[in-house]
Novice: 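Have a look at the structure that comes next, please.
We count ligands from 1, going down the list as the structure has it; atoms in each ligand are counted the same way. The first residue of the sequence shown is numbered 1, and numbering continues consecutively from there.
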Amino acid sequence: MNSERIHCISLPTPFAVGDVNVYLIESEKLTLVDTGPKTDEAWASLKRQIDALGFQVSDIEQVVLTHHHPDHVGLSDYFTEHSVRFITMAYNLPWLKKDPAFFEHHDAFYLTVYREMGIEKFHKKAMETVRGYLDYSCTIDVDVVVEEGDAIDGLPGWTVVETLGHAQGHLSLLRDTDGVMIGGDHLIKHISSNALIEPPPIGETERPKTLLQYRDSLMKVIDRNVIKVYAGHGKPVEHPKELVHLRLLKQEERADDILKMISQEALTGFEICQKLFPTIFLKELGLTMSETLGHLDLLKRDDRLKVVEKEGVLYFQAKEVAKHECR
Ligand SMILES: [Zn+2]
């Protein structure tokens, strides 16, 4: 029997995704999960809704951040004058304090990716776009670093589930007694979450295979018997296991579509991206390239394509299907 209450607070964002949900949990410690983007509108809205619930923002004792994206963390800056504890996974730390050394590593990482995809010329603009998003993010120090399986002080019954894929360093909170998950952007009802290509932690160079990670993290929803997901955007997911199966299936269908595209000729990542997303590939380059590269990773893992490098650019082609003939 859970006596604690979870309140969904929906806040406006300046982003195409629309409103973001943050969650206030009335537990041993009054806990906020995610904070919203750093805008005055979002702050006013958050204050108003917390007042309406009978609290003040200064009553909030701790903030758990699901991942580092600005629409989820930016308002954390407004909490620093109240002595809240910020809790998140280690990967997010340099993002949350805008560490210049990390962003050097970040830009260098994307330069390699963009080169391999045949779109080096878009790198500079893409990095400027990221900097623009960061205006809505925060500059905070994290107090408590958590990882898979950790309990959180003041939040009895909840455990941290690492749900990497949409973002590196993405966590969800799971209440084991009834399978309720607060899932950030891990599983969203009305849109399929994008497994964004993001840099590995500083000091590492290998590109995280984000769609493969994401598929593994989706399986945790089934393995951990999650019954309901409070999502970072939109309504709660009431049948999360069914939605996971649908998401996994759609990814496999998209991988098959890509395989057909490269059955006759080898194409670059960018050429495949243009064929997949003929109208929005350039406007949403970060999203569309992540989708493309993620599904190529899936095909590669299943040994269904070969990759050839020419002058730093990668070309992808379907492997011949072996013919098993009985004589
Ligand atoms: Zn996100």
Novice: Name each donor-acceptor pair under 3.5 Å that joins a side chain in residues 194-205 to protein atoms two or more places apart or in another chain, with its distance.
Specialist:
from   : atom 1 : to     : atom 2 : distance (Å)
Asn194 : ND2    : Leu287 : O      : 3.4
Glu198 : OE1    : His68  : NE2    : 3.1
Glu198 : OE1    : Gln168 : N      : 2.9
Glu198 : OE2    : His68  : NE2    : 3.2
Glu198 : OE2    : His69  : NE2    : 2.8

Novice: Hydrophobic clusters here meaning ILVMFWY residues chained together by side-chain heavy-atom distances under 4.5 Å, can you tell me if Val313 and Met117 are in one?
Specialist: no
Novice: Regarding Arg207 and Glu116, does a basic nitrogen lie under 4.0 Å from an acidic carboxylate oxygen?
Specialist: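 No, this pair does not count.
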Novice: Testing Leu134, Val73, Thr88, Leu65 for side-chain contact (heavy atoms from CB on, under 4.5 Å) with Trp95, which one passes?
Specialist: Leu134
Novice: May I ask you to list the protein N, O or S atoms found at less than 2.8 Å from the Zn ion (ligand 1)?
Specialist: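 As for protein N, O or S atoms lying under 2.8 Å from the Zn ion (ligand 1), they are His67 NE2, His69 ND1, His166 NE2, Asp185 OD2.
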Novice: When you check the gap from the basic side-chain N to the acidic O, do Asp77 and Lys38 get nearer than 4.0 Å?
Specialist: yes
Novice: So, applying side-chain contact (heavy atoms from CB on, under 4.5 Å) with Leu314, which one of Leu293, Val113, Val308, Val307 is it?
Specialist: Val307
